[in-house]
Amino acid sequence: MSGSAMLEVRDLSKHFGNLRAVQGVSMTVAHGELRAIIGPNGAGKTTFFNMISGFFPPTQGEILLDGQAITRASVTERVGMGMARTFQITEIFPELSVRENLRIAVEAQAGMMRRFWASRSEAAAVAAETDRLLAQTGLTPSADRLVGELSHGDQRAAEIAMALALKPRLLLLDEPTAGMGEHETYQVASLIRRLHKQSNYTIVLIEHDMRVVFNLADRITVLEQGAMLADGTPGEIAANPAVQAAYLGSAE
Amino acid sequence: MSGHATEAPPVAAAAAGGLPRRLAGLAVLWLVLATAPLWMPLIGGYDALATRVLVLGLVAMSFNIVLGFTGQMSFGHAAYFGLGAYGAGLTLKFIAASTPLALLFGTLLGGVLGTLFGLLIVRRRGVYFAMVTIAFGQVCFYVAYKWNDLTGGYDGLRGFQRAPLHLGLATIDIAASSRVFYYFVLVIFALAVGAMALVLRSPFGRTLLAIRENERRARFLGIPVERHIWLAFSVSCFFAALAGSLYALLNNFADPLALHYTLSGEIVIMTVMGGMRAFWGPLLGAAVFVVLQDYVSSMTENWMSIIGIIFMLVVLFFPRGLLGFMQRRDAR
Ligand SMILES: Nc1ncnc2c1ncn2[C@@H]1O[C@H](COP(=O)(O)OP(=O)(O)O)[C@@H](O)[C@H]1O
Ligand SMILES: [Mg+2]
């Protein structure tokens, strides 16, 4: 692996007027690491993601992707450099079929999106990759249904599949199991585990389900009121008295 | 798929299992258009009315690239249509008595000005986009209205005639025969909508659907949203200007009302009435609009209120438009 981290965030802050949504957070995510970010509602987790992914610029601080400064890069540029994300509230193309949703993402990744035609072999390659993603995320049975008419869990899976279509070097997942039942949560968690363990993705995961977090994460970052409360392995975080007092104790 | 066939939503089902039916539909459509001069008289129509359906159908389909496929509210599309009409008319009047040249210059005038204007507006959304596009149309309207020497002002641009086509050995007299002209317009229409279909079914075309469906997701797939809206708008303007050029040839006349927001509104009505989610919807809407307008305006001055009532009923009872409704029923 190269010397630099996959993602490095230095002293990142975001202020909305008087509100310090994120305040001086630093974090380093190694290649192939699965990092979980936890913290109570309103802690600033999504805001942190929004700055990393380029949704809005930070008030202060720096972001480096694989050693390259991207603090002021546009969303399009960041995606081009290998970043993909999902949202806490699912962002998909509701009136298109699951297959069409994925096809658009696959074509975007293949650099075909400004093309007015595709050769037969290109179209076949896109279709094959789309089928692979459908199978990988368990969506093959509903491939030709409108994605807006799927269950909540399948819509979340479709959004993850679209992010995967981009072949990201860094995958940001904002509460992928939010609003899911027991079974769906288990399915998403095992998909993330496979992505991490078998395909070696670098993943930053915001997650409220502590079983998922402590089962999957290599390291955990805890945010509280915009600031970083702790950062360590699952064992260290579980043993951290400040975390227990501020978060785990009240949550369980 | 089989396990889900019964519960599959109609739209997806139509797309998945409907290829033969789609081809049959296309065959019927082109047969109807190719024979229009023969049967139009039976319902009280005539060649020029059929040509009007094609021309307004073409501008509505062009407009729908922006509205139905990209999801942006452009409410001033008469501007590019009218610029096309003036471009063609001015070419015939002042440059050369050549129909191809008139079409070329008309299409370029509306297409290029629309493209440049598009650069200024791609960051606007929703009602702001709508207002700015209407305003541009009105600017064009007032220029045509006031620039008497060039455009003929309020009375419109007269004193030009579409010229016969010279194709090497043969000459096709589209000038004298309205029927020959209909078939000439049909050929141009076919080429234009063929090109449109290619664009919309391409990878680029799918990025437009993506932007319509969810701009945020499109952006986070790496699609440069503003640039693609601009390209879609540009393509739409060129086709609209081509339709406008044909309109000037049809009437041997161009007037400021071809630029006016009233016409822009009518284009919206045709498109929504016919079905903005269907490729052919705007053509059906234009046919209904143009034929109704012809009938009703011969009976009463208030033809617009009749059209308005029909439009309201369609929107209330068939929110996907006439064609959208027919396709849904078809798929069940
Ligand atoms: N775009 C915004 N404008 C103003 N305030 C915001 C914005 N986004 C988030 N906030 C505020 O910032 C704080 C952190 O929110 P968020 O990052 O969504 O927390 P979390 O994801 O940890 O629940 C909240 O108080 C929220 O209301
Ligand atoms: Mg959040």
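So you know, we letter chains A, B, ... as the sequences are listed, proteins then strands, and number each from 1.
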Q) Looking only at heavy atoms, which of residues 215-238 of chain B get nearer than 4.5 Å to chain A? A) B:R216, B:R217, B:A218, B:R219, B:F220, B:L221, B:G222, B:I223, B:P224, B:R227, B:H228, B:L231
(Q) So for A:S74, is it side chain, backbone, both, or neither that comes closer than 4.5 Å to the heavy atoms of chain B? (A) neither
Q.
Under 4.5 Å from any heavy atom of chain B, what part of A:R103 do you find: side chain, backbone, both or neither?
A. side chain
So which residues of [range] are in contact with chain B at a heavy-atom cut-off of under 4.5 Å?
{"range": "residues 109-126 of chain A", "result": "A:M112, A:M113, A:R114, A:R115, A:F116, A:W117, A:A118"}
{"range": "residues 77-90 of chain A", "result": "A:V79, A:R85, A:T86, A:F87"}
{"range": "residues 162-172 of chain A", "result": "A:M162, A:L166"}

Q: Mind checking the CG-CZ spacing from A:L96 to B:R206? Nearest 0.5 Å is all I need.
A: 10.5 Å
Q. Within a radius of less than 6.0 Å around CZ of B:R125, do more than 12 heavy atoms belonging to other residues, nucleotides or ligands occur?
A. yes
Q.
With a 6.0 Å cut-off (strictly less than), is the heavy-atom count around OH of B:Y128, excluding the residue itself, greater than 12?
A. no
Q: Please assess A:E100 against B:R201 for the test salt bridge (Lys or Arg N to Asp or Glu O under 4.0 Å), listing each intermediate value before the final yes or no.
A: CA-CA 12 Å; A:E100 285 292 280; B:R201 281 168 201 163; over 6 Å; no
Q.
Determine whether a donor-acceptor pair (N or O, by modelled atom type, separation under 3.5 Å) exists between the side chain of B:N214 and the backbone of A:I92.
A. yes
